[in-house]
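Scroll down for the structure; my scribbles are underneath it.
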Amino acid sequence: QVQLVESGGGLVQAGGSLRLSCAASGRTFSGYAVGWFRQAPGKERDFVAAISWSGDNTGYADSVKGRFTISRDNANKTVYLHMNSLKPEDTAVYYCAAKWGTMGWVVPSRYNYWGQGTQVSVSS
């Protein structure tokens, strides 16, 4: 089992920045890719960004490219999502999730472990 806990959400004005953290605990985290997803009220859970175990491979949704950056610190079992130039449409609950390998990492059902989510609200 891998337990994931997100933190860093909050209320920010449009154009502002936030850094989300995803802390892992439990069994070894080695080899796991981590993705960030978000879900707004009444909408499906959408892919935001993902990073491979080594950090060499990253992927982003078109809507966040150039604004969000995903990174990881394997020594501390933490993955970050740096969010800049936030827009009201970025408002959602943000979840981190872990899966073995990078195949299909944009698909929520491919992930084995999920955190509880953290709310991000961007005011206009």
Side-chain angles (χ1 to χ4, degrees):
Q1 283 283 66
V2 174
Q3 291 80 42
L4 302 173
V5 178
E6 303 94 337
S7 62
L11 174 63
V12 65
Q13 288 188 329
S17 299
L18 284 174
R19 187 185 75 167
L20 304 185
S21 298
C22 173
S25 62
R27 60 169 291 175
T28 179
F29 199 38
S30 179
Y32 281 85
V34 172
W36 284 96
F37 292 80
R38 65 187 181 186
Q39 189 167 20
K43 296 191 176 181
E44 294 186 349
R45 191 167 297 189
D46 292 331
F47 171 76
V48 175
I51 188 166
S52 62
W53 160 249
S54 67
D56 290 344
N57 294 320
T58 58
Y60 297 92
D62 288 343
S63 58
V64 306
K65 278 181 182 176
R67 300 189 298 123
F68 291 10
T69 303
I70 190 170
S71 62
R72 67 189 298 162
D73 177 356
N74 286 337
N76 290 305
K77 295 185 178 181
T78 303
V79 175
Y80 303 99
L81 185 67
H82 307 260
M83 306 187 295
N84 297 319
S85 303
L86 283 161
K87 304 175 182 180
E89 51 263 43
D90 294 318
T91 295
V93 177
Y94 283 69
Y95 299 89
C96 67
K99 68 180 297 297
W100 182 261
T102 60
M103 186 77 69
W105 69 3
V106 301
V107 181
S109 61
R110 295 293 190 99
Y111 286 78
N112 306 103
Y113 304 102
W114 288 85
Q116 83 290 347
T118 185
Q119 176 71 47
V120 171
S121 299
V122 184
S123 63
S124 58

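On a predicted model such as this, the values are computed, not experimentally measured, just so you know.
- The nearest pair of heavy atoms linking A14 to P88 is CB-CD, 4.1 Å.
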Return a table of donor-acceptor pairs under 3.5 angstrom between the side chains of residues 73-82 and protein atoms on other chains or two or more places apart.
{"from": "D73", "atom 1": "OD1", "to": "A75", "atom 2": "N", "distance (Å)": "3.3"}
{"from": "D73", "atom 1": "OD1", "to": "N76", "atom 2": "N", "distance (Å)": "3.4"}
{"from": "D73", "atom 1": "OD2", "to": "N76", "atom 2": "ND2", "distance (Å)": "2.6"}
{"from": "N74", "atom 1": "OD1", "to": "R72", "atom 2": "NE", "distance (Å)": "2.7"}
{"from": "N74", "atom 1": "OD1", "to": "R72", "atom 2": "NH2", "distance (Å)": "3.3"}
{"from": "N74", "atom 1": "ND2", "to": "W53", "atom 2": "O", "distance (Å)": "2.9"}
{"from": "T78", "atom 1": "OG1", "to": "N76", "atom 2": "O", "distance (Å)": "2.9"}
{"from": "H82", "atom 1": "NE2", "to": "S71", "atom 2": "OG", "distance (Å)": "3.2"}

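- The minimum heavy-atom distance linking A33 with S52 is given by the pair CB-CA, 4.2 Å.
- Heavy-atom minimum distance, A24 versus V2: CB-CG1, 4.3 Å.
- In this view, K65 and D62 satisfy the salt bridge (Lys or Arg N to Asp or Glu O under 4.0 Å) rule, not counting sequence neighbours.
- Grouping Ile, Leu, Val, Met, Phe, Trp and Tyr residues whose side-chain heavy atoms lie under 4.5 Å apart, directly or via other members, places V106 in a hydrophobic cluster with F37, F47, V93, Y95, W105, V107, Y111, W114.
- Among all heavy-atom pairs drawn from S30 and W100, the shortest one is O-CZ3, 3.2 Å.
- We find the OG-NZ distance between S124 and K87 to be 14.0 Å, quoted to the nearest 0.5 Å.
- The two atoms that bring A98 and L4 nearest to each other are N-CD1, 3.7 Å, heavy atoms only.
- Scored by the side chain to side chain donor-acceptor pair (under 3.5 Å) test, S7 finds no partners at all (sequence neighbours excluded).
- Within the model, atoms SG of C96 and CD1 of I51 stand 12.5 Å from one another, a figure rounded to the nearest 0.5 Å.
- Pairs of residues two or more places apart, or lying in two chains, that qualify as salt bridge (Lys or Arg N to Asp or Glu O under 4.0 Å) and include a residue from residues 29-57 are R38-D90.
- Summarising the geometry, atom CD belonging to Q116 is positioned 4.5 Å from atom CD belonging to E6; distances are rounded to the nearest 0.5 Å.
- Once rounded to the nearest 0.5 Å, the distance linking CD of Q119 with OG1 of T91 reads 7.0 Å.
- Relative ring orientation between Y94 and F68 is described as tilted, the plane-to-plane angle lying within the 30° to 60° band.
- Hydrophobic clustering (side-chain heavy atoms under 4.5 Å, transitive across Ile, Leu, Val, Met, Phe, Trp, Tyr) keeps I70 apart from V5.
- Legend: residues meeting side chain to side chain donor-acceptor pair (under 3.5 Å) with S25, ordered by chain and number and at least two apart, are absent.
- Note on L11 and L18: separate hydrophobic clusters, where clusters join Ile, Leu, Val, Met, Phe, Trp and Tyr whose side-chain heavy atoms are under 4.5 Å apart, directly or indirectly.
- Of all heavy-atom pairs between S17 and N84, the closest is OG-OD1, 2.9 Å.
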